[in-house]
Amino acid sequence: MDWSIGPEEQVLWPASVLAGVVMCGAVYETTRQISSRCFKCYDGLSPMQKVEWNNRGFSTFHALVAAAVSFYVVMVSGLFSEDVNNSIIIGRKSWLSDSMFGVSIGYFLTDLAMILWYFPSLGGKEFLLHHGLSMYAIGLALFSGKAHMYILMVLFTEATTPFVNLRWYLDVAGQKTHRLYLCNGLALFVGWLVARIILFVYFFSHMYFHFDQVKSIFSLGFYSIMTVPPTIAAMNVFWFWKISKGMVKTLCKSKSKALNGNGKTD
């Protein structure tokens with residue numbers, strides 16, 4: 001297991017982690033300032049709700065950045081194209097993937113610190129497990145330079161986070177009956193199905209057809225990639241089940257209200 005760290009990495013990695021932490025702090029404060037001026041409901045929130053409101057601000061920002069960068073590196077840049085024969089896919093990386101991993105570690109560290117400080121108000125044990133596994137997998141890929149494609153694919157699943165956060169915002173703002181709440185719920189269901197269920201099917205299929213490359217990773221990396229993604233996938237399926245139940249419940253309520261409304265009109 002050769003983890004040689006070059007001079008560029010010695011600067012890039014700490015700088016990107018620090019950038020992730022600074023990003024969280026800056027967006028947290030920006031969210032607080034904008035929300036207090038633009039949203040009337042914000043001043044009526046409890047102190048803990050305000051903390052979570054602002055926390056979800058930088059959570060959304062990181063999710064958008066992570067999803068955009070991951071999509072570009074995996075799908076657009078050509079870094080992991082099958083036509084490139086200069087190296088195996090499992091060993092390819094770039095300064096952009098390194099930077100994104102560092103920023104994400106900075107985000108997860110900041111969010112984890114807040115979760116622990118306010119535990120369990122900002123999230124329970126499942127969030128600790130999710131963040132712990134995420135930092136472990138990202139850190140291992142960053143230091144080893146292996147499996148960047150797979151970690152970027154997992155990071156892309158953060159694309160569903162803005163929908164989760166918007167659902168919470170509308171809930172605490174008393175807008176659960178607003179049409180936007182229903183539309184966001186449908187978008188969350190579709191987004192979760194695509195980004196966290198179907199994408200993982202492709203993820204495991206790609207691993208299966210490139211298993212000779214997967215086996216070439218050092219032992220810790222091999223066993224990690226065989227256990228961490230399935231664990232995250234299982235958590236995604238569990239949360240998808242809860243999302244599906246919530247969506248069905250919301251749709252039934254909307255249908256019932258529509259029927260009652262028609263009855264009154266008649």
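Heads up: numbering here begins at 1 and tracks the sequence. Keep in mind the model is a prediction, meaning the values are calculated, not measured.
- Residue Leu12 holds its CG atom at 5.5 Å from CG of Asp98, rounded to the nearest 0.5 Å.
- Within the 4.5 Å cutoff, side-chain heavy atoms of Asn55 are placed close to those of Phe58.
- Hydrophobic clustering (ILVMFWY, side-chain heavy atoms < 4.5 Å, transitive): Leu155 and Val21 are in distinct clusters.
- Across all non-hydrogen atoms, the minimal contact from Ile225 to Met207 is O-CE, 3.9 Å.
- Hydrophobic clustering (ILVMFWY, side-chain heavy atoms < 4.5 Å, transitive): Met114 and Leu129 are in one cluster.
- The environment of OH in Tyr223 is sparse: at most 12 heavy-atom neighbours from other residues, nucleotides or ligands sit within 6.0 Å.
- Residues Val11 and Met100 are members of separate hydrophobic clusters, defined by side-chain heavy-atom contacts under 4.5 angstrom among Ile, Leu, Val, Met, Phe, Trp and Tyr.
- For the atom pair OH (Tyr150) and CE (Met153), the distance works out to 7.5 Å, reported to the nearest 0.5 Å.
- Here the shortest heavy-atom pairing between Ile217 and Ile90 reads CD1-CG1, 3.5 Å.
- Between the side chains of Thr31 and Asn54, no donor N or O sits under 3.5 Å from an acceptor N or O.
- Side-chain N or O atoms of Glu29 include none that pairs as donor or acceptor with a backbone N or O of Ala26 at under 3.5 Å.
- Within the 4.5 Å cutoff, the side chain of Phe119 has heavy atoms near those of the Leu128 side chain.
- For Lys50 and Tyr42, the positive end sits near the middle of the six-membered ring, less than 6.0 Å away and at most 45° from its axis.
- What you find for His131 and Leu112 is that their closest heavy atoms are CD2-N, 4.0 Å.
- Within the 4.5 Å cutoff, the side chain of Tyr107 has heavy atoms near those of the Ser59 side chain.
- Looking only at distances, no side-chain donor or acceptor of Ser97 sits under 3.5 Å from a matching main-chain atom of Lys93.
- With contacts defined as side-chain heavy-atom distances shorter than 4.5 Å, the pair Tyr28/Val51 qualifies.
- By the 30° and 60° cut-offs, the orientation of the rings of Trp239 relative to Trp192 is perpendicular.
- For Gly57 against Tyr169, the heavy-atom pair with the smallest separation is N-OH, 3.1 Å.
- At a threshold of 4.5 Å between side-chain heavy atoms, the hydrophobic network of Ile, Leu, Val, Met, Phe, Trp and Tyr places Ile198 and Tyr208 in two separate groups.
- Within 6.0 Å of the CE atom in Met75, the count of heavy atoms belonging to other residues, nucleotides or ligands does not exceed 12.
- For the residue pair Glu158/Thr161, the side-chain donor-acceptor check at 3.5 Å is satisfied.
- Tyr202 and His206 have tilted rings, their planes meeting at an angle from 30° to 60° on a 0 to 90° scale.
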#### Entry: Worked verdict on Val194 versus Leu199 for side-chain contact (heavy atoms from CB on, under 4.5 Å)
CA-CA 6 Å; Val194 173; Leu199 179 59; over 6 Å; no
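- In the hydrophobic clustering of ILVMFWY residues, with side-chain heavy atoms under 4.5 Å counting as a link, Val248 and Val237 come out apart.
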### Message
Could you walk me through whether Ser35 and Trp53 satisfy the side chain to side chain donor-acceptor pair (under 3.5 Å) test, starting with their C-alpha distance in whole Å, then the side-chain angles of each, then the deciding distance to 0.1 Å, before giving a yes or no?
### Response
CA-CA 9 Å; Ser35 299; Trp53 180 291; 2.7 Å; yes
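- Enclosure of atom CZ in Phe71 is not indicated, since only 12 or fewer non-hydrogen atoms of other residues, nucleotides or ligands lie within 6.0 angstrom.
- Looking at heavy atoms from C-beta onward, Ser16 lies out of side-chain contact with Phe101 at the 4.5 angstrom threshold.
- The side-chain hydrogen bond (donor to acceptor under 3.5 Å, both in side chains) check on Glu52 picks up Arg56, Trp168, with sequence neighbours excluded.
- Ser70 places no side-chain N or O within donor-acceptor distance of the main-chain N or O of Ala67, the cut-off being under 3.5 Å.
- Contact annotation: the side chain of Cys24 never approaches that of Asp111 to less than 4.5 Å [non-hydrogen atoms, C-beta and beyond].
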### side-chain contact (heavy atoms from CB on, under 4.5 Å) between Met48 and Leu122, intermediate numbers included
CA-CA 9 Å; Met48 192 62 243; Leu122 287 181; 3.8 Å; yes
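- Once rounded to the nearest 0.5 Å, the distance linking CG of Leu170 with CG of Leu166 reads 4.5 Å.
- No side-chain heavy atom of Asp212 sits less than 4.5 Å from a side-chain heavy atom of Ser216.
- Expressed to the nearest 0.5 Å, how far OG of Ser104 lies from CD1 of Ile151 amounts to 10.5 Å.
- How far OG1 of Thr160 is from CG of Asn236: 7.5 Å, rounded to the nearest 0.5 Å.
- Taking all atoms of both residues into account, the shortest heavy-atom contact from Phe200 to Pro229 is CE2-O, 3.7 Å.
- Between Gln213 atom CD and Arg92 atom CZ the span is 7.5 Å, to the nearest 0.5 Å.
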List the atom pairs, with distances to 0.1 Å, where a side-chain N or O of residues 176-187 and a protein N or O form a donor-acceptor pair under 3.5 Å, not counting sequence neighbours.
unit_1 : atom_1 : unit_2 : atom_2 : d
His178 : ND1    : Leu180 : N      : 2.9
Asn184 : ND2    : Phe163 : O      : 3.0

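- In plain terms, the two heavy atoms of Gly221 and Leu140 that are nearest each other are CA-CD2, 3.9 Å.
- The main-chain N or O of Ala141 is found under 3.5 Å from a side-chain atom of His148 such that the two form a donor-acceptor pair.
- Within 6.0 Å of atom CD in Gln10, more than 12 heavy atoms from other residues, nucleotides or ligands are found, so the atom counts as buried in its surroundings.
- In this structure the side chain of Glu82 reaches within 4.5 angstrom of the side chain of His210, judged on heavy atoms.
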